[in-house]
Structures are given as structure tokens and as C-alpha cells.
Q: 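I'd like to ask you about the structure that follows.
Every number for a ligand or one of its atoms is a count from 1 in the order of the listing. No hydrogens, no waters, no symmetry mates; every other heavy atom, side chains included, goes into these values. Fair warning: this is a prediction, and the values are worked out from it, not measured in the lab.
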Amino acid sequence: MRRLALLTLVAVFAVLITTTLSLGQEEAKTYVRAGHLLDVQSGELLADQAIIIINDRISEVGPASQIAVPDGAEVIDLSDTTVLPGLIDSHVHLTGDYRKHGYSAVGISVPREALTGAYFARITLEAGFTTVRNVGARAFTDVALRDAIAAGELPGPRILASGPALGITGGHCDVNLFPYEADITADGVADGPWAVRQQVRENVKYGADLIKFCATGGVLSKGTLIGSQQYTLEEMEALVDEAHTLGRKVAAHAHGTTGIKTAIRAGVDSIEHASLLDDEAIALAKEHGTTLVMDVYVTDFILTMGAEVGMLPESLEKEKQVGQRQRVSFRNAHGSGVKIAFGTDAAVYPHGDNGKQFAEMVEHGMTSTEAIQAATVVAAELLGMSDDVGALVPGRYADMIAVTGNPLEQIDVLESIPFVMKGGQVYKDKLER
Ligand code: ARG
């Protein structure tokens, strides 16, 4: 009894102290004046807007003529720019280094990989990407990176992390570069419905926000075929069921048509790459509400730089088969109204070049507004973060970028972004004023 009384007393004190502290804390207010502001929800470009930020979130947005500068607010003048929400890349590997592929990447330790992630997180943020979904990393390096950034120890985007991607033995998500006697298997390899359930549980145990798995072969892996499905429908259904039961979404890497369709039928939330779509695959994605994340820029890098950065000759051959086909698939999918979220596979090509994909999306059928929506509203919805990011509206984080020029007329201004704010804090300001 005595013990209980003491514990209660301690708890009451703790509450008292924290409330006193938070009452005493000054609110940080910021007033941002925007020459133009892109309302990504309506697609409208609004002139002369003001944004009020309290601490890390937006409290008010509207015509500058109607919003006064609050007392004591810091004023940020973006009146010669267009302000947009911070961008979202739904498919990156921050802990991966684009300069190292195939056998040139095998000597990298897990701690070294984590440090690589810290380096590229800053570069990605400075490119205007304030939120990313990291879909595959060894040994939960992405979870550690997410947490260090969230703790304010490192500059970087908000991260949703998957941890190690699940895959079949010898599949795209395994490591197939070594001979039998080396006995090396990737972290996320699991075969059979119960083994995949267990692997999903383990990933969640160590901090995964979502589950990533490989549903077909891939370009960069050794010995896998683009067109071949990996995992049976039964395994995929078990994986998706387990992940959804634990409140996690599922992203499936899939290039080949059959694997894409099986993954959609199994209930995945997104198909990554989605290279070889046919009409039925597009119809299935529409019917199931599956989002496609199509990395339509990366092919240019692979075909021009791949050999130099260590990609296997077979990978270059496979890329020749999927690259242009994926762009055709993108045009068809977009034309039929399937949800497409912006995702680039940065790490295969240089982090920070994420924005180069916008022009490619516009070239293959999207309007500039739609391409920007893919990297804001649509991606936020896929990530399950629509209350926090993806639009400049009250209640969401003050994540924003500013560019000079009109991105709706000149989409490539998003390739080099001079002003980046995340959570009300300015991380980059190269604007001339
Ligand atoms: N990580 C992917 C893979 O190895 C990259 C595919 C890139 N090619 C493309 N056209 N999207 O399969």
C-alpha cells in the first residue's frame, strides 16, 4: 500500500511539473508571406498569401490582406516565389549509395550503411523532399535513421521505414552475388505463409512502419527474371493479412504482369515499379484502389551510368526490356485514372536528383499539377499521413518549399529548390532577396 501511495505521489508530481513547463513555454510564431501559393488540393495557384505557423504546424492560411502579422512572429518573406508543400518521395533507399552497385557494394557494413543514410538524408531534404518512404534497408538502419532525424539529431526528411524487404530465397530481395559456400542470405528472406507472417511480425517488432516485399524478379538483382512472379498468392495473402492486422501497409516490388496482378489480388496497398501493366492489371488496380509508384526517371541513369557504378551486365540488359515499357504503362495507367504516387528509387541514382522525375511524368502524360499532386496529396494518402503532410492547410506540419518561377509552366524548377522548411524550421534558404 505504502508503495502504491508513493508511486501515485511521484506520478502526480510528474504531471504537475510537465504542465508547468509547457505552460511556461513560449509559442514560436512564424509569418510566411507567399507571392504565390499552390493549393495542391484544388490545383489552384493563389496570389499574395500568408501562412501562420505555430511551433511546427500551420495554424492559418489565406490572403495576405486578411492575415495580420502576429505579435512577436518571425517574418519570412517569400513574396517573390511560389510556395508549395514539402515534396514526398514514396520510394527511396536513403541508406543506399548510387555510386556502389553489384559487387562494388558488397563490402559495406551495416554501421557504414547507416552513416550513408545520414549523409543522403540531408541531401534529400535539401532537394525539397520533406517526407520519404524508405522501402528496404538492411538491419533496420532506416528505422535508426528515422528516429535520429525525429529526435533532431540529424537533418533529414520525415521517414516511414520498412526495415528489410521480404522476399523468397534467391529472389530479387535476397542477395545472390555469392557462391553456395558463402552462405549469405538477406535479412528479410522468408518462404511459406507462416514464415512470412513471422518475418512481418519481426519487422514490426523492430520498428517498421510498413512492409515491403518482392513480388517479381528485378533489374538489379543477379539471376532473377523480370517477368517471373515471386511468392505464391497464398504467401502474399498471408503477408498482407499479417501486416494489415498489425496496422501496417504493404508495398510490393513488381515489374512483371502476373506478379503485379497477384499482388493486387492479395490486397497490397501499392505496386512499386509496375513496369509491365496490361489492361487487366490497370483495371484490377482501379478496382482494388491500389496505388502505383512508378519510377519513370531512373532508367535514364541506369542505361547511361549503370556500368560505371558497378551494375551487372545482365541488369543493363533487363533495364533495356523494362525502361521504355514502364513509361508506356505509366501513360496508360494515368489515362485510365489509377492512383499514381510519386516515387523514384533514389539510391539507384543520385539522392537529391529526385525532382528530375517530375519532367518525365509530364512527358508521359501528366499535367504539371498532377505530377505535383502525385508528390503531395496522393503520396500523403498512400503513406497514411494526410493529417500531417501533403498540403499547406491548418493542422498539418509546416513543411514547405519555395521556388522562383511558376512550376506549373516550368516543371523543371523543382529540380533545384532554393528554400526548404520542415516543421517550421528553415533547412535551406538560397533565395536572393
Ligand atoms: N530497384 C529496381 C530493380 O532492380 C530498379 C528498377 C529500375 N528500372 C525501372 N525502369 N524502373 O528492379
Q: Would you say His255 and ligand 1 have an N/O pair spaced under 3.5 Å apart?
A: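 Right, the criterion is met.
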
Q: Could you tell me which atoms of ligand 1, counted from 1 in the order shown, lie closer than 4.0 angstrom to a heavy atom of Gly218?
A: 12 (O)

Q: Give a yes/no on ligand 1: does His253 have at least one heavy atom closer than 4.0 angstrom to it?
A: yes

Q: Excluding sequence neighbours, so at least two apart, what forms side chain to side chain contact (heavy atoms under 4.5 Å, CB included) with Leu154?
A: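 If we apply the side chain to side chain contact (heavy atoms under 4.5 Å, CB included) test to Leu154, skipping adjacent residues, the hits are Ala118, Leu145, Ala148, Ile149.
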
Q: Check if Ile302 has a non-hydrogen atom at a distance under 4.0 Å from any atom of ligand 1.
A: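 Right, Ile302 reaches ligand 1.
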
Q: Looking only at distances, please establish whether an N/O atom of ligand 1 is found under 3.5 Å from an N/O atom of Glu319.
A: yes

Q: Is the shortest distance from a heavy atom of Lys318 to ligand 1 less than 4.0 Å?
A: no

Q: Considering the heavy atoms of Val298, write down every atom of ligand 1 situated less than 4.0 Å from one of them.
A: 7 (C), 8 (N), 9 (C), 11 (N)

Q: Which residue holds the protein heavy atom closest to atom 1 (N) of ligand 1, what is that atom called, and what is the gap in Å?
A: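 For atom 1 (N) of ligand 1, the nearest protein heavy atom is Asp345 OD2, 2.8 Å.
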
Q: Pairing donors with acceptors under 3.5 angstrom, does anything connect the side chains of Gln410 and Asn406?
A: no

Q: Which residue and non-hydrogen atom of the protein lie closest to atom 3 (C) of ligand 1, and at what distance in Å?
A: Val219 N, 3.4 Å

Q: Do Gln230 and Thr216 get their side chains close enough for a donor-acceptor pair, meaning under 3.5 Å?
A: no

Q: Would you mind telling me which of Asp345, Thr344, Asn134 makes a side chain to side chain donor-acceptor pair (under 3.5 Å) with His91?
A: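 Checked Asp345, Thr344, Asn134 against His91; only one passes side chain to side chain donor-acceptor pair (under 3.5 Å): Asp345.
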
Q: Are Lys356 and Asp300 within salt-bridge range, i.e. N to O under 4.0 Å?
A: no

Q: Look only at interatomic distance and state if Leu220 has a nitrogen or oxygen under 3.5 Å from any nitrogen or oxygen of ligand 1.
A: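 Yes, there is a polar N/O contact under 3.5 Å.
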
Q: Applying a 4.0 Å heavy-atom criterion (strictly less than), which segment of Met294 is in contact with ligand 1: side chain, backbone, both, or neither?
A: neither

Q: Using modelled atom types and a 3.5 Å cut-off, is there a donor and acceptor pairing between side-chain atoms of Asp142 and backbone atoms of Gly163?
A: yes

Q: Give the atom numbers and elements of ligand 1 that come within less than 4.0 Å of a heavy atom of His172.
A: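 Ligand 1 atoms under the 4.0 Å threshold to His172: 3 (C), 4 (O), 12 (O).
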
Q: So, applying side-chain contact (heavy atoms from CB on, under 4.5 Å) with Arg158, which one of Val389, Leu383, Ile88 is it?
A: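 Of the listed residues Val389, Leu383, Ile88, the side-chain contact (heavy atoms from CB on, under 4.5 Å) partner of Arg158 is Val389.
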
Q: Side chain or backbone, does Gln326 bring an N or O within less than 3.5 Å of an N or O on ligand 1?
A: yes

Q: Using a strict 4.0 Å threshold on nitrogen-to-oxygen distance, state whether Lys428 and Glu126 make a salt bridge.
A: no

Q: For the pair Glu44 (side chain) and Ser42 (backbone), establish whether a donor and an acceptor sit closer than 3.5 Å, ignoring hydrogens and angles.
A: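 No, because the side chain of Glu44 does not come within donor-acceptor range (under 3.5 Å) of the backbone of Ser42.
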
